[in-house]
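All figures in this text were calculated on a predicted structure; none of them were measured in a lab. Chain identifiers are assigned alphabetically (A, B, ...) following the order of the sequence lines, protein sequences preceding nucleic acid strands; residue numbering begins at 1 within each chain.
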Amino acid sequence: MFKKILVANRSEIAVRVMNACRVLGIPSVAVYSDADENAKHRHYADEAVHIGPPPPRESYLDIDKIIAAAKETGCDAIHPGYGFLAENPLLPRRCAAEGIAFIGPSPEAMNLMGNKVESRIKMTEAGIPLVPGMKSSSKDPAVFRKAADKAGYPVMIKAAAGGGGKGMRIVHKADELDAALEAAQREALNAFNDDTVYLEKYIASPRHIEFQVIADSHGNAVHLFERECSIQRRHQKIIEETPSVALTPELRARMGADAVKVAQAADYVNAGTVEFLFDPDGNYYFLEMNTRIQVEHPITEMVTGIDLVVEQIRVAAGLPLSFTQEQLNQRGHAIECRLYAEDGDNNFMPSTGKILHYSEPSGPGIRVDSGVMQGGQITIDYDPIMAKLIVHAPDRATCINKTIDAIHDYKILGVKTSRDFMVDVLRHPDFVHGNTFTDFIEKHMGDRDSNPAKYRDLAAAVATAAAMSAPGAVSSASSGNGVVDGATPWQTIGPWQIGDSISAKA
Amino acid sequence: MFKKILVANRSEIAVRVMNACRVLGIPSVAVYSDADENAKHRHYADEAVHIGPPPPRESYLDIDKIIAAAKETGCDAIHPGYGFLAENPLLPRRCAAEGIAFIGPSPEAMNLMGNKVESRIKMTEAGIPLVPGMKSSSKDPAVFRKAADKAGYPVMIKAAAGGGGKGMRIVHKADELDAALEAAQREALNAFNDDTVYLEKYIASPRHIEFQVIADSHGNAVHLFERECSIQRRHQKIIEETPSVALTPELRARMGADAVKVAQAADYVNAGTVEFLFDPDGNYYFLEMNTRIQVEHPITEMVTGIDLVVEQIRVAAGLPLSFTQEQLNQRGHAIECRLYAEDGDNNFMPSTGKILHYSEPSGPGIRVDSGVMQGGQITIDYDPIMAKLIVHAPDRATCINKTIDAIHDYKILGVKTSRDFMVDVLRHPDFVHGNTFTDFIEKHMGDRDSNPAKYRDLAAAVATAAAMSAPGAVSSASSGNGVVDGATPWQTIGPWQIGDSISAKA
Amino acid sequence: MQKHEFVFDGEIIDTSAEKVGEAYRVQVGDKSFDIRPVAPGLFATFVDGRKVIVASARDHDTTYVGIEAAVLELSDPSSDGFGGGAGDQAGEKDKIYAPMPGKIVKLMVAVGDTVAEKQHVVIVEAMKMENPVLAKANGTVKAINFAEGDQVDTDHPIVELELDE
Amino acid sequence: MQKHEFVFDGEIIDTSAEKVGEAYRVQVGDKSFDIRPVAPGLFATFVDGRKVIVASARDHDTTYVGIEAAVLELSDPSSDGFGGGAGDQAGEKDKIYAPMPGKIVKLMVAVGDTVAEKQHVVIVEAMKMENPVLAKANGTVKAINFAEGDQVDTDHPIVELELDE
């Protein structure tokens with residue numbers, strides 16, 4: 001097993017990986033930019049190395065600096081998390097040259113899957129169903145126009161190096177194609193340093209259903225069932241759940257077997273995710289394979305009981321999988337809500353600022369993977385994901401209610417989040433009935449009215465009490481001296497009297 | 001389903017039950033004595049009713065006050081937790097008379113199982129294996145002497161109304177019997193208001209293995225596998241785990257079936273625990289059935305994925321069990337450590353005082369059920385259990401290591417705990433190898449040397465830093481104004497620099 | 001009995017409060033609320049008969065209050081007319097600000113253009129995302145103060161409108 | 001450079017410390033420790049090369065420090081000779097105190113009895129449990145200050161011994 005692991009990432013996923021290192025008894029090393037001098041991932045690690053200024057290209061994306069940090073601290077392995085260098089084959093290549101283990105797939109498998117065009121060809125050969133579209137990329141808008149006409153509008157432009165909705169555009173009409181192509185290329189260049197995009201038919205109202213897979217270097221490959229990630233805005237997942245209400249046991253077995261086939265076709269060794277589009281008629285199409293640990297991996301951990309990051313590290317160290325396909329089963333239901341620093345009431349506009357108050361929910365079946373702390377700054381430098389709330393319950397209905405309760409108990413002030421938006425999604429009759437398609441938000445949330453005014457009078461009462469209460473009882477931006485607290489509301493609940501003398505009255 | 005539930009208990013189990021109420025969307029009502037004016041359970045509930053002075057007989061054991069509180073707040077059900085009135089048949093009888101549901105078994109089943117002598121007779125009839133001993137109780141020491149001679153020394157004296165090690169004595173020689181009988185009777189009277197005790201053969205070096213059962217009012221009864229609770233001091237469990245290393249699948253199935261038979265023989269409807277002694281030869285003997293939710297129920301919840309308290313409430317409301325025996329399985333390993341306010345380095349002497357600092361561990365697979373808060377007082381009025389640390393991991397070895405890490409992260413200052421003692425148990429080669437018998441502590445921990453002096457210099461350095469750091473950075477007993485925090489150490493970790501300029505040196 | 005004044009959504013709210021034991025009993029219009037501090041920045045109260053924990057924090061002239069999943073921003077009336085924050089908070093619908101510091105990647109209107117409420121007028125790149133900025137009312141573009149490629153903050157309007165009546 | 005003095009287990013420990021950035025570099029004998037405040041009452045440092053969180057809190061003249069599973073009590077030397085606490089803390093082995101307030105249910109020795117270290121001399125009931133109280137050294141019972149059934153606190157010795165040489 002590895003002696004020391006460098007985590008080449010930041011925020012919640014860096015903390016999550018370091019937690020797996022702790023479980024395995026392996027010291028971890030953080031890297032951090034100037035913007036993350038006080039970030040949680042830096043302080044959570046056993047050691048930390050400064051790697052440059054805030055722009056990712058000069059720090060988290062700089063392979064030379066990552067390798068230097070690993071060598072300086074004596075690390076024999078690097079975990080890339082997700083995003084940043086996680087799907088850049090240059091990192092595993094460089095690791096191999098430096099004699100450092102890379103906790104991820106081979107550069108060849110990464111190359112194949114990272115390029116959506118090449119992977120489509122390979123998967124067609126392997127007999128996996130695919131969405132019709134371009135067989136190869138092009139710089140020529142005319143090629144895109146032709147491919148779009150052939151597949152039929154609507155079509156979708158996607159970054160070859162893509163993920164997370166970046167460099168992605170739906171085009172409904174031919175005269176929108178050129179502008180969308182240009183925007184997608186620009187975004188792709190910024191996000192991935194590669195403006196290669198391609199085009200495929202856009203399936204209206206599908207579900208996004210993906211399968212978690214993991215394969216070791218001894219020829220074992222298994223799937224850990226599905227995650228449904230249909231609740232997306234701007235092609236970015238915000239609520240994920242497992243199991244999917246849409247799958248029968250037969251369909252689950254068939255898609256799972258296809259997911260394993262995808263991994264095997266790529267000679268894949270690592271945890272990975274095979275994404276499918278699932279159309280309303282029950283057909284499914286291979287979309288892409290993500291060759292990294294996924295943002296939404298915790299819901300799979302909740303229902304399978306497997307620690308995916310621990311297993312990923314074990315597999316990278318050459319150990320065989322510690323379970324077989326037959327030993328895996330799904331238990332209960334799990335939902336993940338992504339807490340982005342964004343305004344759920346205003347078109348998900350990113351929000352920056354200082355976290356004035358932060359407290360997490362807790363209790364049986366509630367897990368929070370977070371990368372932020374009270375007093376921390378949310379800056380414009382990085383992806384706005386702050387934390388993930390993961391809730392596990394015996395059944396879907398209980399899980400939905402428990403998730404809403406947990407969102408209510410999750411207090412974040414100073415930076416906007418889409419907590420209220422997510423509660424409205426979770427309460428929507430179509431969500432409750434499992435009518436979850438990728439156009440859910442567009443279709444059902446467009447005319448949403450957040451109306452916080454219903455709390456107007458109570459909020460004024462709370463503000464009054466806050467103003468009157470003893471100094472120190474209210475956290476204040478000006479008191480932020482780096483001493484923080486992140487107590488969970490119900491863990492810390494203090495003196496409270498009720499009864500005849502004092503209670504709520506309307 | 002019930003409209004509002006009164007929780008007739010205090011501390012961690014009251015909070016646990018209220019949490020189940022929240023999951024079910026049912027408002028909960030706390031009761032509290034003068035000593036618990038600022039206790040966590042009081043503040044956690046939606047409403048709270050004061051029921052008298054600290055002595056239990058004038059508050060938590062006073063049925064009139066409990067019933068009056070339920071009626072005053074419009075509760076249609078009462079959950080008794082464990083201890084206090086949980087196994088007193090007068091409470092369900094009174095509930096029935098008042099038209100309030102009791103979340104527990106019928107008074108008849110409780111009576112039968114609450115009386116260890118009667119239950120032994122019934123279980124003999126049902127064909128359950130039993131430890132040899134007295135068939136009925138007596139006030140006459142001569143009867144005990146005769147029974148002891150027949151069974152052969154060592155023998156054990158136990159309270160008929162007993163539990164938790166109170167009113168229990170092992171007697172090794174005939175000339176110790178009278179004194180032990182007297183002490184057991186005195187303790188039983190104090191603890192249960194009933195000095196009835198009985199005697200049975202003492203099985204040397206057994207394991208304590210119990211089965212969780214639950215039965216509904218529709219004739220369904222299942223078991224949720226075993227818990228091994230062999231790590232005890234003064235007959236009080238301190239570390240529990242599941243699965244037990246001692247059971248084969250065949251033995252597990254046989255003991256589980258016998259546990260279900262016990263519940264059925266008693267016409268039992270509720271969650272309950274059937275306790276067995278398991279001798280080194282693989283024989284097992286029925287010990288008793290606890291007709292309540294058990295302190296150590298969370299480890300069963302961790303490995304089965306079932307919320308036992310939610311299920312208990314559902315069953316009491318007349319709903320059928322939401323699962324069958326076939327749907328249940330054990331996944332991974334779970335360990336519970338009981339945190340008592342006691343001095344692990346000094347014969348487990350109870351410890352009182354103010355909790356000067358309190359922070360809980362957190363992370364995937366870590367659960368804390370606690371009844372205390374920073375700034376809270378531990379008084380002499382009640383059982384010294386403060387919290388339970390529950391850890392879940394894929395296998396036993398990982399679970400042990402994760403538990404030790406979590407104990408390290410669990411910070412409690414001001415009141416003594418046996419945290420260090422428990423780490424020594426968890427690290428002991430015999431524990432690691434699964435050689436867990438009820439005499440483990442007596443046998444292996446007797447000559448234990450806690451030696452905190454190894455941390456002497458570091459502690460002085462920390463005290464120095466604490467003295468120098470800004471006011472407010474160190475919590476102080478004198479600042480206790482009821483404003484508390486219970487942040488978990490790794491959730492709240494703040495600014496920290498490492499690198500060339502500053503690091504640990506020896 | 002203490003009196004307080006807050007501004008929410010352009011309206012003044014008057015409160016009066018007294019301390020009852022460890023809690024505060026606050027009168028807002030004809031409603032009475034009991035609010036009890038339970039931890040730094042956290043208070044217990046009731047919503048629809050259920051006990052809830054609410055959070056509060058202050059920054060400059062603004063008090064943030066988190067109730068269930070909502071966060072309300074209340075300003076001190078003394079600060080700056082009513083609104084007290086950046087332009088976007090003040091309800092100035094004729095000025096279009098960047099919601100956060102970033103780079104203007106696209107200006108989609110020119111001086112003299114008429115725009116409709118919710119029309120996208122500018123795209124600002126921040127946090128690796130292209131964020132459309134919308135007009136808050138119908139009007140005509142009066143001034144454009146930045147060019148594509150410029151860095152903008154949240155205090156200076158990018159586009160100014162002549163609002164329709 | 002600040003100097004501090006603590007008493008642990010009857011011994012004086014001298015420390016000298018300076019602030020380095022947000023942390024404190026503390027010298028204890030020939031060892032140097034870096035201690036960084038991370039939250040109220042919590043500090044980060046290293047044990048055996050791994051980062052750990054330690055806790056510290058003060059009550060009167062005592063500083064409690066929680067490291068891994070251990071809790072160490074350090075006293076201020078100024079307070080009360082060395083020990084600074086109730087009798088039991090002061091290392092007075094000739095006086096036997098109740099470890100906590102409770103009721104004496106059994107006195108197991110009489111004046112003139114010889115007792116051995118770790119011998120049970122009294123049983124005090126507290127928290128519904130019978131707790132044996134042990135002699136801390138070999139000696140002879142000189143005085144018994146309470147009777148069975150009496151309530152005792154932790155400040156008055158129950159039994160006093162004449163210690164063996």
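Here the OG1 atom belonging to C:Thr62 is positioned 12.0 Å from the CG atom belonging to A:Leu413, to the nearest 0.5 angstrom. Considering CE of A:Met349 and CG of C:Leu134, their distance stands at 6.5 Å, rounded to 0.5 Å. Note: A:Leu458 CG to C:Phe43 CZ = 11.5 Å, rounded to the nearest 0.5 Å. To the nearest 0.5 angstrom, A:Thr464 atom OG1 is 10.0 Å from C:Phe33 atom CZ. Distance check, rounded to the nearest 0.5 Å: CD of C:Gln2 to CE of A:Met468 gives 4.0 Å. Distance CG/A:Asp457 to OG/C:Ser32: 11.5 Å, rounded to 0.5 Å.
Counting heavy atoms from C-beta on, the side chains of C:Glu125 and A:Asn190 come closer than 4.5 Å. Residues A:Asp420 and C:Glu68 are not in side-chain contact: their nearest non-hydrogen atoms beyond the backbone lie 4.5 Å or more apart.
Nearest heavy-atom pair across C:Ala55 and A:His357 is CB-CD2, 3.8 Å. Nearest approach of C:Tyr24 to A:Ser469, heavy atoms of both residues: OH-CA, 3.0 Å. Here the closest non-hydrogen pair linking C:Ile35 and A:Ala461 is CG1-O, 3.9 Å. Taking both residues in full, the closest heavy atoms of A:Ala463 and C:Thr63 are given as CB-CG2, 3.8 Å, listed atom of the first, atom of the second, then distance. Heavy-atom minimum distance, C:Leu72 versus A:Ala459: CD2-CB, 3.9 Å.
Contacts between A:Val462 and chain C at a heavy-atom distance below 4.5 Å involve backbone atoms as well as side-chain atoms. Interface residue C:Tyr64: backbone and side-chain heavy atoms are both found under 4.5 Å from chain A. In this structure, chain C has a heavy atom under 4.5 Å from the side chain of A:Asn347, while its backbone stays farther away. Heavy atoms of C:Val124 lying under 4.5 Å from chain A are absent altogether. Only the backbone of A:Thr379 comes within less than 4.5 Å of a heavy atom in chain C; its side chain stays farther off. For a residue to count as touching a neighbouring chain, one of its non-hydrogen atoms must lie under 4.5 Å from one of that chain's; by this rule A:Ile412 touches chain C with the backbone only. Neither the backbone nor the side chain of A:Ser418 comes within less than 4.5 Å of any heavy atom in chain C.
With salt bridges taken as basic N to acidic carboxylate O contacts below 4.0 Å, one links A:Lys416 and C:Glu73.
Not one N or O on the side chain of C:Arg58 forms a donor-acceptor pair closer than 3.5 Å with the backbone of A:Ala467. A distance-only check finds a donor-acceptor pair linking the side chain of A:Lys411 to the backbone of C:Ile53 [under 3.5 Å].
For A:Asp178, the salt bridge (charged side-chain N to carboxylate O under 4.0 Å, His left out) partners at least two apart in sequence or on another chain are A:Arg145.
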**OP:** Start with the C-alpha gap between A:Arg456 and C:Leu74, add the side-chain angles, then the distance that decides, and say whether side chain to side chain contact (heavy atoms under 4.5 Å, CB included) holds.
**Re:** CA-CA 9 Å; A:Arg456 191 195 97 121; C:Leu74 299 127; over 6 Å; no

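By the neighbour-count criterion of 12 heavy atoms within 6.0 Å, atom CD of A:Glu442 is sparsely surrounded, having that number or fewer from other residues, nucleotides or ligands.
Ranking A:Pro350, A:Ser351, A:Pro384, A:Gly353 against chain C, the residue ahead of the rest is A:Pro350, based on heavy-atom pairs under 4.5 Å.
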